Amino acid sequence: MNLAAAILFAYLIGSISFAVLVSRAFGLPDPHTYGSGNPGATNVLRTGKKAAAVLTLLGDAFKGWFVVTLVQQHVIADPLVVAAAAVAVTVGHLFPVFHGFRGGKGVSTALGVTLALNPWLAAGVAATWLVIAFFFRVSSLAALVAAAFAPFFSFFLYGMGRFELELALGVTLVSLLLVWRHRANIRNLIAGTESRIGGGSPRH
């Protein structure tokens with residue numbers, strides 16, 4: 001699998017929105033039409049269907065894991081192709097060609113990507129998210145902090161050799177995409193109006 005084929009394959013798989021597919025299967029409204037308008041597990045949860053939200057999260061994480069795992073099996077000696085696929089599947093989720101380029105925030109897909117790259121990397125990112133979410137009760141803040149720490153975890157795990165550096169840079173680009181996609185949440189956090197897990201706004 002060459003670089004161009006890997007990027008195209010990853011982007012198209014990333015463009016599959018499990019929030020939309022699961023919502024249709026459960027007879028729920030299109031997630032673009034309610035709540036935050038974000039086709040992701042958190043917004044699907046607003047319907048009250050926990051099973052639909054869990055399936056959305058698992059589906060979005062699976063596509064990230066699946067793409068990177070498959071590419072690694074075919075081009076294990078070329079970290080550039082693996083890193084490019086990791087970024088491309090994330091871009092596909094953020095800007096899906098099948099859904100008018102209106103995608104999600106990328107958190108679940110990025111978790112799947114990190115799991116395929118290195119289970120310890122995924123564990124570190126997930127633990128960071130859980131700690132911040134537990135203490136601050138703000139999902140977006142937890143995602144932003146986890147995204148900020150992911151590059152440090154990856155450089156620590158991979159080191160600075162050429163093979164490892166390209167994978168770590170791929171993780172860094174994925175993290176930057178997530179931060180950029182959360183720019184509205186960042187504004188809300190600064191203003192103190194970002195919603196908390198379970199409802200309400202953060203305390204000033």
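Computed from a predicted structure; not experimentally measured.
- Within 6.0 Å of the CZ atom in Phe98, the count of heavy atoms belonging to other residues, nucleotides or ligands exceeds 12.
- Contact between His182 and Ser140 at its shortest, heavy atoms only, is CD2-CB, 4.1 Å.
- Val179 and Leu173 fall within a single hydrophobic cluster, where Ile, Leu, Val, Met, Phe, Trp and Tyr are joined by side-chain heavy atoms under 4.5 Å apart, directly or via other members.
- Put simply, the side chain of Arg24 never gets that close to the backbone of Leu21: no donor and acceptor are under 3.5 Å apart.
- Looking at Asn188, its side chain never comes within 3.5 Å of a backbone N or O of Thr193 through a donor-acceptor pair.
- For Ser23 (side chain) and Asp30 (main-chain N/O), no donor-acceptor pair under 3.5 Å exists by modelled atom type.
- Between Gly106 and Leu178, the shortest heavy-atom contact is O-CD1, 3.8 Å.
- A donor-acceptor pair is defined here as one N or O able to donate and one able to accept, closer than 3.5 Å; no such pair exists between the side chain of Tyr11 and the backbone of Ala6.
- Leu57 and Val89 sit in two unconnected hydrophobic clusters of ILVMFWY residues. Membership requires side-chain heavy atoms under 4.5 Å apart, directly or through other members.
- The side-chain heavy atoms of Asn2 and Val81, taken from C-beta on, include no pair separated by under 4.5 Å.
- At a threshold of 4.5 Å between side-chain heavy atoms, the hydrophobic network of Ile, Leu, Val, Met, Phe, Trp and Tyr places Leu115 and Phe156 in one connected group.
- Under the 3.5 Å distance criterion, the side-chain polar atoms of Arg102 are left unmatched by any main-chain donor or acceptor of His32.
- A continuous path of Ile, Leu, Val, Met, Phe, Trp and Tyr side chains, each step under 4.5 Å between heavy atoms, connects Ile16 with Ile7, placing both in one hydrophobic cluster.
- Side chains of Pro31 and Val20 form a contact here, defined as non-hydrogen atoms less than 4.5 Å apart.
- In the displayed structure, Phe95 atom CZ is contacted under 6.0 Å by more than 12 heavy atoms of other residues, nucleotides or ligands.
- What you find for Ala83 and Leu167 is that their closest heavy atoms are N-CD2, 4.2 Å.
- Looking at Phe149 and Val125, their side chains never come closer than 4.5 Å, going by heavy atoms from C-beta outward.
- In the hydrophobic cluster analysis, where Ile, Leu, Val, Met, Phe, Trp and Tyr join through side-chain heavy atoms closer than 4.5 angstrom, Leu111 is grouped apart from Val44.
- Under the salt bridge (Lys or Arg N to Asp or Glu O under 4.0 Å) criterion, Lys105 pairs with no residue, sequence neighbours left out.
- No donor-acceptor pair under 3.5 Å is formed between the side chain of Ser175 and the backbone N or O of Ala150.
- For the side chain to side chain contact (heavy atoms under 4.5 Å, CB included) criterion with Phe153, the lone passing option out of Asn118, Val171, Thr128 is Thr128.
- Between Leu169 and Phe155, some side-chain heavy-atom pair lies under the 4.5 Å cut-off.
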Q: Please lay out, stage by stage, how Trp65 and Val113 fare under the test side-chain contact (heavy atoms from CB on, under 4.5 Å).
A: CA-CA 5 Å; Trp65 173 86; Val113 165; over 6 Å; no

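- Annotation: side chain of Glu194 is not in contact with side chain of Ile186 (no heavy-atom distance under 4.5 Å).
- Side chain of Asp60 to backbone of Ser108: no donor-acceptor contact under 3.5 angstrom is found.
- Within the 4.5 Å cutoff, the side chain of Phe134 has no heavy atoms near those of the Leu130 side chain.
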